[in-house]
Amino acid sequence: MVKQEQSSSNRPDNTAFTQQRLPAWQPMLSAGIVIPGFVIIGLAFIGIGVALFVTSQSIQVLEIDYSGVERTSPCFQCTDPNLTNCFCAVNFTIDTLFKGPVFFYYGLSNYFQNHRRYGVSKDANQLYGDLKYFTTPSDTCAPYVYDSNSLPIVPCGLIANSKFNDTFKLYQVINGTNTEVPLDGKGIAWWTDYSIKYRNPSVTPLKNAFNGTVKPPLWSDAAYNLDPTDSNNNGFVNQDFLVWMRRAALPNFRKLYRRINQGNYQQGLPAGNYTLYINYNYHVVSFGGRKKVVFSNVSWMGGKNEFLGIAYLVIGSLCIVMSIVMLIVYAKFKFPDEE
């Protein structure tokens, strides 16, 4: 009797929901539904693919390799690792208007930012402005935690130490005179990086927060002096630093350096001759890497990406082919009750 009462108390209510008696709809996939569906999907994908591919073809891209590997390269003399603050100039010509806004990238190849040890070699608490981790950095920053004098390195770790430090100035040559093209470096990093993920210590002046610490070995200036012209662009919220700290997933990548959208160049780079002056500091020849600068504009779909359009075209074409195959099979083997 007790068992019967317990089992009845555990029994679900006698409702359509608990007893799974709710009305349901199950599609009956027939040839008359599947074949037209594949055709519609295929045509839609092909249309999107054509639009993406045509748009991608209209995007202008100019790549200039300045690694200096070849002896004929204007930057060949700068590949000597014993040279510091080496300068070289690269001349190039633009035949037609390079429509703006123009995005100026630097690119690296054979550079594995996705390596596991490299990726964990930083101190997130330190980069968030926690002063306690300025004096005692995390061991994850190894081997760049302390210098030879046992002073803490700030910012510590492999990623920060390897920060890209080539700098560029672009000039348009007009009647033999160099006219500087203004480069805009504001807001090139992700908003979440400089507003949430990275913070400077609440110390004024910022330099005092770095007392008793040393800069990374490969840096020429301390973190608080990365941009002497803008006090709000120093420390861990420096735009170039933030762009570098967002690691690339592939060994060949490019990162945004500047925008060209000011002054007489709001509409883009006019046709003509240009000279790019490079302060060559970042050496890549030792590990077989390459360096380049990339000028590109964008469209509604983003940057140049032919793969996306081709992928849509391939999938759409396969859908059309499959619909034809299914139509032939259906016409040959259909059952009498489906006629």
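What you are looking at is a predicted structure, and each value in this text was computed from that prediction instead of being measured.
- The ring of Tyr128 has its center no closer than 6.0 angstrom to the ring center of Tyr133.
- Under the ring pair (Phe, Tyr, Trp, His ring centres under 6.0 Å) criterion, Tyr277 pairs with Tyr171, not counting sequence neighbours.
- Summarising the geometry of Asp123 relative to Cys156, their closest heavy-atom pair is CB-SG, 3.7 Å, with the distance given to 0.1 Å.
- Using bins of under 30°, 30° to 60° and over 60° for the plane-to-plane angle, the ring pair Tyr282/Phe164 lands in the tilted bin.
- Among residues at least two apart or in separate chains, there is no salt bridge (Lys or Arg N to Asp or Glu O under 4.0 Å) pair with a member in residues 100-122.
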### Query
Could you go step by step and tell me if Cys88 and Cys75 meet the disulfide (SG to SG under 2.5 Å) rule?
CA-CA 5 Å; Cys88 58; Cys75 295; 2.0 Å; yes
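- Using cut-offs of 30° and 60° on the angle between ring planes, the pair Phe241 and Phe236 is tilted.
- Classification of Asp65 and Lys291 as a salt-bridged pair fails, no side-chain N sitting under 4.0 Å from a carboxylate O.
- Contact check on Arg290 versus Glu70 returns a salt bridge, with a Lys/Arg side-chain nitrogen under 4.0 Å from an Asp/Glu carboxylate oxygen.
- Each of Phe103, Trp244, Phe168, Tyr105 was checked for a ring-ring contact (aromatic ring centres under 6.0 Å, His included) with Tyr257, and the lone residue meeting it is Phe168.
- Around the NZ atom of Lys99, the shell of radius 6.0 Å holds no more than 12 heavy atoms that belong to other residues, nucleotides or ligands.
- Ring-plane geometry between Phe92 and Tyr274 is classed as parallel, the angle between the planes falling under 30 degrees on a 0 to 90 degree scale with a further cut at 60.
- Contact between Ile33 and Met28 at its shortest, heavy atoms only, is CD1-O, 3.6 Å.
- The shortest non-hydrogen separation linking Asn261 to Gln266 is O-CG, 3.4 Å.
- No hydrogens or angles considered: nothing links the side chains of Ser58 and Thr55 as a donor-acceptor pair under 3.5 Å.
- Nearest approach of Lys163 to Asp240, heavy atoms of both residues: CE-C, 4.2 Å.
- Residue Asn264 places its CG atom among 12 or fewer non-hydrogen atoms of other residues, nucleotides or ligands, all under 6.0 Å distant.
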